[in-house]
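Shown next, in structure tokens, is the structure this report addresses.
Sequence lines set the chain letters: A, B, ... in the order given, protein chains first and strands last, and positions in each chain run from 1. This structure is a prediction, so every number in the text was calculated from the model and none was measured. Any value given below was found using the heavy atoms of this structure, including those in side chains, with hydrogens, waters and symmetry copies removed.
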Amino acid sequence: MAFLEIEHIEKVYTPRLGGAKVRALADVSFTLEQGEFLAIMGESGAGKTTLLNILAALDKPTGGSVRLCGREMTAIPEGELASFRRDRLGFVFQDFNLLDTFTLEDNIYLPLVLQGRKINDMRRMLRPIAQRLGIAEILKKYPYEVSGGQKQRAAVARALITGPQLILADEPTGALDSKASDALLRLLGEVNEAGQTIVMVTHSVKAASHASRVLFLRDGRVYHQLYRGSLTGEQMFARISDTLTALAGGERDA
Amino acid sequence: MRKAALYARLAVRGMRSSGEIVGPFALAMACCAAMCYILRFLAYNELIPAMQGSIYVQMCLSLGAGILALITVWIGLYANAFVLRRRTKELGLYHILGLRKRDIACVMAVESALLCAVCTAAGVALGVLLSKAALLGLLRLLAWNIPMGFDFSAPAARETAIAFAALFAFLLVRNLFVVSRLSPVELLRSADKGEREPRTRHIAAVLGVLALGAGYYIALTAENPLMAITGFFIAAGLVIIGTQLLFGAGGVALFKALRRSERFYYQPKHFAAVSGMIYRMNQNARGLANICILLTSALVCVSGTVALYAGIDQSIREMFPHAITINRYIAPDELDAFLETGVGGAAERAARDALAGHADDVQTQWFLSYSLAARQAEDGSLSLMSPSTTDLNGMYEIMVMTQADYNRLHGGSVSLMPGEALIEGFDAEELRIGSLTYRRAGGIPSATTSNGTAIDTLRVSKIEMIVPDVRDLLALRGEVEATGRKVVTDIRFALNLDPAGTTGGEIVAMEGELLEAARGAMGERFSGGLKITTAASFRQYMIELDGSFVFLGIFLALLFSVATVLLIYYKQISEGYDDRERFVIMQKVGMSAAEVRQSIRSQVLLIFFMPLVMAGIHLLAASKIIVTLLKLLSTADFALFAGCAALTLALFGALYVAVCMATARRYYRIVLR
Ligand SMILES: Nc1ncnc2c1ncn2[C@@H]1O[C@H](COP(=O)(O)OP(=O)(O)OP(=O)(O)O)[C@@H](O)[C@H]1O
Ligand SMILES: [Mg+2]
């Protein structure tokens, strides 16, 4: 049984005050196995964030079904979903979603606090990950006092600190320089090797080339999938670039 | 013309879309307008001036009008600023979309006009509905007969409309001023201006504690009713300042301390609440301090005035031991004639005869007495008081009568030597007043027949004396005269009558007849200056006075409650909007809806328990000075006031919690939608 089974999901946004409906996802199907590292690519507005939100059960699809370990997502009660997000899911949001009233440290503790952990445990868990992400020195600062890249790394730390089964990362390298991106991608690779499943949305070919599979979204559909198989990093990079070129070309034809 | 339609459309759309905050503002203003109408309605009501004692009602009505105006303007300013803050973004959008500032000003003017019209109309309508109830309530309190019928007061409505038009015009000018100084970018941003974490303000905290301590000290040490009036206002001012300072500084310090306590802070239900509150304490503090002050004011108004009203009968019993007293002051040159003609006894017989037809039985007594106030000096002697003194320390009221009157009234056989006196209430061997000295020959076997006097209520110590002769009364009067004061009290002739089986109303009705009877018996020489007082008519006087106060107290408490509810509501809404994003994020990270609810409940409790507890403490601290003040008007004791205060506190506390819980729903809805 696959970890996540997505079958023909559709998402139509209906604006509250009338206006045109937006079909963010038309028909998306794929399955995700435990321990996979999936990258999702696609143009801005292709529906990537929408898809992640549905995977995290933050949003409901307007059609199709999502099964988590064989269970229909819509059938899971709200309280259980909350504990799923709390205990088994780490989400790096595109806009970080850090709380301005907390220091970075307290922001990172948030899921641990919700789990009811002791402060000493939390400290012990934070130290290595903050070191790896290079934010150990700024933990006492507030989000409005640090740069975008630093915020992004804090958001990553918050998603990873609970050691979740599933990590959803929405452009986690978007605000990072190449050195920090490399460090983060290495970290994600290690985490994945340790058995955690990762779904990462990215615009960066380089970031996507770290994944074991790349899924291309276009017009709310899965346009193409690339499996890494036994390809090297460079070969993967070239294949992704080609696919993206084809994707852009296809649009011109349409 | 097309433009006018556009303005109107934008104004209506704007107000509809922010109905959540404009609505309560309009409702509060409508309530104020209703109260304004009712006050003016009562002031114009022709029933009130027709009744005696209307002067107190009028006094209370104008006092109420003053405070109403003050609070209404304050509510207006506060709520208006709140609405404006929430709406600047929308106005900024209009600006970006191409409306000039002039157009925006026009939109705002149309909005103000609409809002003003709606509030005034609704307020007057509500006022008309409630005014009859208010009139009936007032008349009942004053124990007047209640006429039926219904009326509408056009001048009251007109004045209300004018006052509110002026208020809204003033608010509009302020808003225009505020908006004109903002740049478009600021207009867009000001709704979500992030505040930094506030620092703990130690100086403010210390000043707050000092102000509060000083206020409490004044309130708790107030002994002298005459000084208590100024003391009360000084203490109230200090407590208001102290409360304002303490809520900000104390709140930040409290929540920071909570955050430092890691065991408490890192718990799901406290984590979000505490951090959010530190952050917003500065903006919260003013609102919370205001809630606390309004609540305290309402509590003081209601408990004080109700205690006054409830204590009327007790006061009357103490101040008027006799149902009817006919009295006259006898000048020194009249004294011989008074005694020789025996007019005292004649008046007693005449009054008894006049009453005989109306009462089952009549107790009567008449006597001469002399009263003076003196202060104990260091050597133990009593020095006569200057009339303007307000210091009641060591003060005595001395009531003197002759042994002849005493023996006649009590069937005693007291026989004193010159220079001797029976003295009660002063234990020294000798009593010296000015240049006179009396040797204490013993106490007074049976109680004299003191008439309660106004000074009674001030609880000064009392001395009663029986002296050998009426010449001693004259001598004492001479001592008072020797102090050089302009007005010297004369010897008082008093005739006390206690009919059995007559009602207060009957007694009041007989006042004239009795006075005529006494006049007739006392002859032409003594009938001038003869006065009659009855406990029953004084009771009506007190009911009118205290009833007016109760009405005012309840009226003000209602007004303060309107303001408090509005403050609480806005607090919840702004909390909700400020917290919304935080709770949305928390839910994304795994907080369940139940945990959100719990967290909000914990936050609402933490925030709103503070003003209530503080108001309770303020009331406790104020109780002493309030009781002291009440003694100016009644013989109220602490137990009576404590009972009224406890009842009021329980009532308001319950209402307060209910309002907080009801408005907390708004909060959930904002956060969870
Ligand atoms: N809450 C919403 N209400 C209405 N429409 C929405 C909403 N969220 C997204 N959309 C629309 O759905 C489409 C997909 O949005 P989505 O955020 O998933 O794109 P994306 O692939 O994440 O883009 P980007 O790379 O820019 O982040 C867009 O056209 C967007 O306008
Ligand atoms: Mg996106």
Side-chain angles (χ1 to χ4, degrees), chain A residues 16-17 49 52-53 56-59 77-103 105-123 126 140-145 155 158-159 161-162 164 168 170, chain B residues 13 16-17 189 192-199 252 255-256 258-284 575 578-599 602-603 671-673:
Chain A
R16 212 180 303 174
L17 304 166
T49 301
L52 286 197
N53 282 340
L58 292 173
D59 212 343
E78 169 46 45
E80 210 175 307
L81 285 179
S83 50
F84 160 69
R85 284 194 286 267
R86 189 182 63 208
D87 300 331
R88 293 164 63 191
L89 179 76
F91 202 141
V92 185
F93 296 96
Q94 190 170 13
D95 47 2
F96 318 140
N97 277 340
L98 295 175
L99 293 165
D100 260 351
T101 53
F102 286 127
T103 57
E105 178 176 5
D106 283 348
N107 263 298
I108 298 171
Y109 286 157
L110 185 60
L112 298 178
V113 171
L114 293 177
Q115 287 178 352
R117 300 256 187 174
K118 294 260 177 324
I119 176 69
N120 290 334
D121 292 349
M122 304 200 294
R123 292 221 169 92
L126 174 63
K140 295 289 175 204
K141 296 205 175 200
Y142 284 87
Y144 49 78
E145 296 171 325
R158 185 179 66 188
I161 195 163
T162 54
L168 302 177
D170 202 344
Chain B
R13 159 121 53 87
R16 272 240 299 276
S17 69
R189 200 180 299 141
D192 39 38
K193 200 176 336 181
E195 245 181 88
R196 306 268 146 137
E197 176 173 302
R199 249 172 275 152
V252 173
F255 289 120
K256 281 196 171 166
L258 287 180
R259 186 171 63 178
R260 268 195 299 281
S261 150
E262 290 175 343
R263 296 268 299 278
F264 180 88
Y265 177 55
Y266 289 110
Q267 274 181 33
K269 67 170 179 246
H270 300 145
F271 195 50
V274 171
S275 71
M277 274 185 299
I278 295 177
Y279 213 72
R280 293 198 308 273
M281 202 53 217
N282 277 345
Q283 83 198 48
N284 266 339
E575 296 281 295
D578 288 343
D579 285 347
R580 192 178 133 68
E581 207 176 298
R582 296 193 300 127
F583 281 112
V584 167
I585 293 176
M586 302 251 211
Q587 280 172 286
K588 283 185 179 173
V589 179
M591 195 180 231
S592 65
E595 282 171 323
V596 170
R597 245 173 244 276
Q598 208 176 26
S599 183
S602 145
Q603 184 165 333
V671 168
L672 291 175
R673 84 172 155 219

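The nearest pair of heavy atoms linking A/Leu99 to B/Ile585 is CD2-CD1, 3.8 Å. What you find for A/Leu114 and B/Met591 is that their closest heavy atoms are CD1-N, 3.7 Å. Contact detail for B/Val589 and A/Pro111: the closest heavy-atom pair is CG1-CB, 3.8 Å. For B/Lys588 against A/Arg85, the heavy-atom pair with the smallest separation is O-CD, 3.5 Å.
Heavy-atom distances place the side chain of B/Glu595, and not its backbone, under 4.5 Å from chain A. In this structure, the portion of A/Ile119 lying under 4.5 Å from any heavy atom of chain B is its side chain and not its backbone. Interface residue B/Gln267: only backbone heavy atoms are found under 4.5 Å from chain A.
When A/Leu89, A/Leu58, A/Leu81, A/Asp106 are compared by the number of non-hydrogen pairs under 4.5 Å with chain B, A/Asp106 comes out ahead. With chain B as the partner, the residue from A/Phe91, A/Phe93, A/Phe102 showing the most heavy-atom pairs under 4.5 Å is A/Phe102.
Residue A/Arg123 places its CZ atom among more than 12 non-hydrogen atoms of other residues, nucleotides or ligands, all under 6.0 Å distant. Heavy atoms from other residues, nucleotides or ligands lying under 6.0 Å from CD of B/Glu262 number more than 12.
In this structure, the separation between OH on B/Tyr266 and CG on A/Asp121 is 13.0 Å, given to the nearest 0.5 Å. Here NZ of A/Lys118 is found 7.5 Å from CZ of B/Arg263. Values are rounded to the nearest 0.5 Å.
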